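Let me begin by presenting the structure, written as structure tokens, before commenting on it.
Computed from a predicted model, the values in this text were never measured in an experiment. Numbers restart at 1 for each chain; the letters A, B, ... are given by sequence-line order, proteins then strands.
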Amino acid sequence: MELSAKYNPAETEDKWYAWWLENKFFHSEPDGREPYTIVIPPPNVTGILHMGHVLNNTLNDVLVRKARMDGKNACWVPGTDHASIATESKVVAKLKEQGISKEDITREEFLRHAWEWKEKHGGIILSQLRKLGASCDWDRTRFTMDPDLSKAVINTFVYFYNKGYIYRGVRMVNWDPVGLTAVSDEEVIHRDTTSKFYHLRYFISDGNGNPTSDFLTIATTRPETIMADAAICVNPADERYHWLRGKKVLIPLINKEIPVIEDSYVEMDFGTGCLKVTPAHDVNDYEIGLRHNLPVLDIIDDHGRLNEKARILVGEDRFEARHKIEKMLADAGNLVKVEDYTSPVGYSERTNAVIEPRLSMQWFLKMDALAKDALESVESGKVRLIPDKYRNTYRHWMENVHDWCISRQLWWGQQIPAYYLPDGKYVVAPTAEEALELARKTDPQITAADLKQDEDVLDTWFSSWLWPISVFDPEMPGQPDHQPNRDLAYYYPTNDLVTGPDILFFWVARMIMAGNEFMKDIPFRNVYLTGIVRDKLGRKMSKTLGNSPDPLDLIAKYGADGVRLGMLLCTSAGNDILFDESQVEQGRNFCNKIWNAFRLVSLWKTDEKAVQPEAAATAVRWFRNRLDEALGIMEDHYSKFRLSDALMGIYKLFWDDFCAWYLELVKPAYGAGIDKATYDATIGFFDSLLKMIHPFMPFITEELWHNLAPRGEKETIMLQRMPVAGKYDKGIISDFTMAEEAVVAVRAIRQQKNISPKEPLGLRIYGEFPKDVLPAVIRLANIGSVEYPEGTEVSGAEIPFMVRTVKMAVPAEGLVDTAKEKEKLEADLKYQEEFLTIVRRKLSNEKFVNGAPEKVVAAERKKEADAISKIESIKASLAALG
RNA sequence: GGGAGCAUAGCUCAGUUGGUUCAGAGCGUCUGCCUUACAAGCAGAGGGUCGGGGGUUCGACUCCCUCUGCUCCCACCA
């Protein structure tokens, strides 16, 4: 078969993926083997593949494929997240394009549109993952709003409600005026934002609502909220303001009278020391308001506009109002000054709208007990975070956790199972029927029509925190009497979770909580936290910057294997990835290298009569040992989740050791046959190498593995066992390294002296060079004859070099530049002598000899002996040069 | 404001309890090669006061202090 000199991934990748699917190689069912389980971090159902997904899922796939080849029953469960706020806003936008407003349709109609949209456009990302080679068990694909998963969410709510962990109340929440919903603390991103600091003058009231000439000055960043002021507050220790005690002041523009109060919360040296207290629109002010029993006046509506309670600027957007009120205050003589000011402002993670702290009725889940257990799971090491540094962050969060606001004013999601009675009381039950039963206990007259279900849905994370449980057995969460089904009992807890540190709290911590609560066990043992994918300038990849390549374009251009390798090459856990297309190019080039190595081997014809050349025997013996060494190192890297190190080790094993040294040594002369022993060994090595590479580059390895030897119809490399590291002889590897050094030295001489590689050279060895590897030197350095001259004389017509402590030389009559050689030798001598001095200084230091471990001292003595022998050799060479 | 982390070759990063000739790897760079698997390649070479300063130690890239620069997380000073 004639093979192209270039590997063409497009031809092979789709073919093999389809074949894998057809044969259900990714599918897992519980059996007697040890399970290895990963649940996918479910991407948004509306999502499309970006580089972050590529990183995450490539890592996942490497782990899963490795486990599968280790003989474990590997199961990678895929699926998507309904992502309530993100999806709902997409559907709203889509409807708007069709001229439909969400306000004009019913909840049922909206949900019908949303589901329609989901069926049509949702889950694109899952098909994109196939392009990448992800070996997910697609038969187990789940969606967080699948009916049974939704049921699990509802049961969970009822469970925690009955346990007393869920409560409803008016609290200050983070209101997103664009998404029109409350969001949790974790969904608020604080960013330093430049704004203005307005100094406003409030006149003291004469007691009848009329201004006196006395005034105080407050400083605020939000002058548009003054109409909602409930008091002015100063620190009780602030003597400057003792004269204000018992006074009332007038809110500018509306002349409303409010009291002056004292609270130690106020910092005397910040601003003017006078704080306007606006309980409805600031978290701290709300707290002060509670302490001082202040009225709460909410002057901002859902959309962030001033409402009629503001009395002025009604209907204006909060930022527009701020702008206008500045002028009004100035005109009224209340504006003292305006300063530039930078302060942290909260933004909605999803919509990027400025969060409005706002009082509203929401549902909360108590976190203290859950957080305590979840902290313990990590502190005890039951759940391992990789890298370890995230433990600190995790602890800090768990120790300072707030109750979780779980209600969202949206329609897309699981509707809260609370049912209101006509008198305003409510009951919580999994279904309307059960709710009715409950309600009738208080009032037997109640009918189904009297009950009204809560309008809100639950936070998306309130469903995804069940993911590692509910994908296997949705009956489990919230039902303590339920026994885990066969799948859950077998696959739980999962082994590894690969995800980004940005959702450590959103998701990882909460899964640990749910696991502890419902399974009495952790959900996963290892959490591998990836970095963020950035461009090569270190900028976060984003649509607006346009610096994010489309993974599918990359796959089309370089192949999925190339993309996977390019991603993995620069990955270490917890560190950001500076991604550059050149890395993918490197991945593609590696594919090509493997391809061409195969091409070479595939052209060989065995010759039964051929005898194994010495060089080939040397190579086979060496590579067998080298392979075992490399396998051990690879396993060690895997065990520490150092996947890019594992990959780089294999990369070099293949490219340098196998191609550059081994194949060059065993390669038969053009047209000649190859002996069977060498051929079989080579095929065996190639087979092992392909298996080692397979988790990283599944497609090309499957392709070549099938070409390497005849395979059965259902045989796949992905279900072969990973070679196991055997014992190896360090001496053989070390001796071969000497051969490599000798070859490199001779090649360097050829380059310097302009001697063609085709011209055989002589080799003189003055000392003990390992005989076993000499054939390798002869072959690769193109040595015509080897001499072992007596003594250490050097004629001056040869070019010497050292391999460790063995002096060797290439005879080069007429090519030796005596002066230059002398210069080189003298420089070398100087270095060795200085080195010897340092070593001897150490050895003559009693504290060192007595204090350092014997091993270290012995090593120093060896250094000393080696240096002495080298110095002798160099001196002899110099003497011979004259 | 609180906390965590990072700084090693032109770039991206390893360097695991302080001690093997430990100053490394990959990429890039330079030089020579279209050598019958591969120019997406082969062969060879150069390149770093381990951010600055101080300390501990027989010995420091490694431990401690400090300064500088960067990153991330958390956070209610209006």
Open item on the list: Checking contacts here: which listed nucleotide (B/rA45, B/rC77, B/rA37) is nearest the side-chain heavy atoms of A/Asn596?
Closed with: B/rA37
Task: Shortest side-chain distance from A/Leu600, nucleotide among B/rU20, B/rA37, B/rA78 - done: B/rA37
Task: Closest-nucleotide 5' rank along RNA chain B - winner of A/Arg222 and A/Asp656 - done: A/Asp656
Open item on the list: I need a per-nucleotide contact map over nucleotides 5-15 of chain B, read 5' to 3'. Cutoff is protein heavy atoms under 4.0 Å; write B for the base, S for backbone only, - otherwise.
Closed with: S------SSSS
- [ ] Kindly assign one of parallel, tilted or perpendicular to the pair A/Tyr831 and A/Phe835, based on the angle between their ring planes and the thresholds 30° and 60°.
- [x] parallel
- [ ] Would you indicate which nucleotide in B/rA45, B/rC74, B/rA25 comes nearest to any side-chain atom of A/Val744?
- [x] B/rA45
Open item on the list: I want to verify a distance call: between B/rG19, B/rG44, B/rA78, whose nearest atom is closest to the A/Gln751 side chain?
Closed with: B/rG44
Task: Contact summary for A/Phe579 and A/Val533, nearest pair of heavy atoms - done: CB-CG1, 3.9 Å
TODO: For B/rA40, give its Watson-Crick or G-U wobble partner with both distances under 3.5 Å, or none.
DONE: none
Open item on the list: Please report the distance, rounded to the nearest Å, between CG in A/Asp192 and C1' in B/rU71.
Closed with: 15 Å
Open item on the list: Closest approach to the side chain of A/Phe505, judged atom by atom: which nucleotide of B/rA37, B/rC73, B/rA40 is it?
Closed with: B/rC73
Task: Whole-angstrom distance between B/rU29 and B/rC11, as gauged at atom P - done: 14 Å
Open item on the list: Under 4.0 Å, heavy atoms only, any strand: does A/Pro357 hit a base, just the sugar-phosphate, or nothing?
Closed with: nothing
TODO: Could you please name the option among B/rC42, B/rA37, B/rA25 that lies closest to any side-chain atom of A/Arg599?
DONE: B/rA37
- [ ] Report yes if at least one side-chain N or O of A/Asn850 is closer than 4.0 Å to OP1 or OP2 of B/rC58; otherwise report no.
- [x] no
Open item on the list: Looking at A/Tyr341, I'd like to know whether one of its side-chain N or O atoms comes within less than 4.0 Å of OP1 or OP2 on B/rA78.
Closed with: yes
- [ ] Find the distance A/Asp657:CG to B/rA25:P and express it as a whole number of Å.
- [x] 14 Å
Task: A/Arg588 side chain vs A/Gly562 backbone, donor-acceptor pair below 3.5 Å - done: no
Task: First of A/Cys274 and A/Arg534 reached from the 5' end of RNA chain B, by closest nucleotide - done: A/Arg534
Open item on the list: Rounding to an integer number of Å, can you tell me how far A/Glu581 CD sits from B/rA40 P?
Closed with: 16 Å
TODO: Answer with base, sugar-phosphate or nothing: what part of the nucleic acid does A/Glu664 contact at a heavy-atom distance below 4.0 Å?
DONE: base
Open item on the list: If I pick the P atom on B/rG15 and the same atom on B/rG5, what distance separates them, to the nearest angstrom?
Closed with: 16 Å
Open item on the list: What's A/Cys233 touching, base or sugar-phosphate or nothing? Going by heavy atoms closer than 4.0 Å.
Closed with: nothing
Open item on the list: For a quick check of understanding: with a heavy-atom distance under 4.0 Å over all strands, which category does A/Phe590 fall into, base, sugar-phosphate or nothing?
Closed with: nothing
Open item on the list: I want to check something: taking the side chain as every heavy atom from C-beta on, are A/Leu329 and A/Pro223 in contact at a cut-off of under 4.5 Å?
Closed with: yes
Open item on the list: At less than 4.0 Å, is any side-chain N or O atom of A/Trp595 found next to OP1 or OP2 of B/rG41? Yes or no.
Closed with: no
TODO: Hunt down the Watson-Crick or G-U wobble partner of B/rA7, both distances under 3.5 Å, from any strand shown, or write none.
DONE: B/rU68
TODO: Look at all strands and tell whether A/Lys640 reaches a base, only sugar-phosphate, or nothing, counting heavy atoms closer than 4.0 Å.
DONE: base
- [ ] Determine the contact category for A/Ala867: base if any of its heavy atoms lies under 4.0 Å from a base atom, sugar-phosphate if only primed atoms, P, OP1 or OP2 are that close, otherwise nothing.
- [x] nothing
Open item on the list: Any base atoms under 4.0 Å from A/Lys667, or only sugar-phosphate, or nothing? Heavy atoms, all strands.
Closed with: base
TODO: Report the residue from A/Arg840, A/Lys855, A/Lys842 that forms a salt bridge (charged side-chain N to carboxylate O under 4.0 Å, His left out) with A/Glu860.
DONE: A/Lys842
Task: Nearest-Å distance once atom P is located in both B/rG48 and B/rG2 - done: 41 Å
Task: Nearest-Å distance for atom pair CH2/P, residues A/Trp661 and B/rC42 - done: 13 Å
TODO: Assign A/Trp604 to base, sugar-phosphate, or nothing according to its heavy-atom contacts below 4.0 angstrom with the strands shown.
DONE: nothing
- [ ] Would you classify A/Glu267 as touching base, sugar-phosphate or nothing, given that sugar-phosphate means primed atoms plus P, OP1 and OP2, and contacts are heavy atoms under 4.0 Å?
- [x] base
Open item on the list: So, does A/Tyr651 get its side chain near the phosphate of B/rC27, meaning an N or O under 4.0 Å from OP1 or OP2?
Closed with: yes
TODO: Anything under 30° is parallel, anything over 60° is perpendicular, the rest tilted; go ahead and classify A/Phe686 against A/Phe598.
DONE: perpendicular
TODO: Indicate, with a heavy-atom threshold strictly under 4.0 Å, whether A/Lys862 touches base, sugar-phosphate, or nothing.
DONE: nothing
TODO: Could you state the atom-to-atom distance from CG of A/Asn592 to P of B/rC42 in whole Å?
DONE: 10 Å
- [ ] Considering only atom C1', compute the distance from B/rC50 to B/rA9 and round it to an integer number of Å.
- [x] 10 Å
Open item on the list: Check this one for me: any side-chain N or O of A/Lys593 less than 4.0 Å away from OP1 or OP2 of B/rC42?
Closed with: yes
Task: Mate of B/rG48 where both pairing distances stay under 3.5 Å, Watson-Crick or G-U - done: none
- [ ] Taking all heavy atoms of A/Pro387 and all of A/Leu529, pick out the closest pair and write down the distance.
- [x] CD-O, 4.0 Å
Task: Any strand: nucleotide that pairs with B/rG2 via Watson-Crick or wobble, under 3.5 Å - done: B/rC73
Task: Heavy-atom donor-acceptor pair, A/Asn235 side chain to A/Glu267 backbone, under 3.5 Å - done: no
Task: Basic-acidic side-chain contact under 4.0 Å: A/Lys824, A/Asp828 - done: no
- [ ] Run the salt-bridge test on A/Glu664 and A/Lys667 with the 4.0 Å N-O cut-off and return the result as yes or no.
- [x] yes
- [ ] Just compare B/rC77, B/rA40, B/rA25 and give me whichever is closest to any side-chain atom of A/Pro344.
- [x] B/rC77
TODO: Write down the distance between CG (A/Leu569) and C1' (B/rC27), rounded to a whole number of angstrom.
DONE: 9 Å
Task: Quiz item: A/Arg588 side-chain donor-acceptor pair to B/rA40 base, under 3.5 Å - done: yes
Task: Between B/rC27 and B/rA40 - C1' atom distance, rounded Å - done: 14 Å
Task: Separation of A/Thr342 OG1 from A/Lys196 NZ (nearest 0.5 Å) - done: 10.0 Å
Open item on the list: Counting the atoms with a prime plus P, OP1 and OP2 as sugar-phosphate, which does A/Ser644 contact under 4.0 Å by heavy atoms, base, sugar-phosphate, or nothing?
Closed with: nothing
- [ ] Could you check how far CG of A/Leu504 sits from P of B/rG3, rounded to whole Å?
- [x] 20 Å
- [ ] With P as the reference atom in both, quote the distance from B/rG51 to B/rA43 in angstrom, rounded to an integer.
- [x] 34 Å
Open item on the list: Can you tell me whether the side chain of A/Asn845 and the base of B/rC58 have a donor-acceptor pair closer than 3.5 Å?
Closed with: no
TODO: Could you measure between the two C1' atoms, the one in B/rU35 and the one in B/rC42, and give it in whole Å?
DONE: 8 Å
Task: P-based separation of B/rC65 from B/rG18 [nearest Å] - done: 16 Å
Open item on the list: Working to the nearest 0.5 angstrom, can you tell me the gap between A/Met227 CE and A/Thr278 OG1?
Closed with: 10.5 Å
Task: Atom-to-atom span, NE2 of A/His396 to P of B/rG2 - whole angstrom - done: 12 Å
TODO: Please work out if A/Tyr558 contacts a base, only the sugar-phosphate, or nothing of the nucleic acid, heavy-atom cut-off 4.0 Å.
DONE: nothing
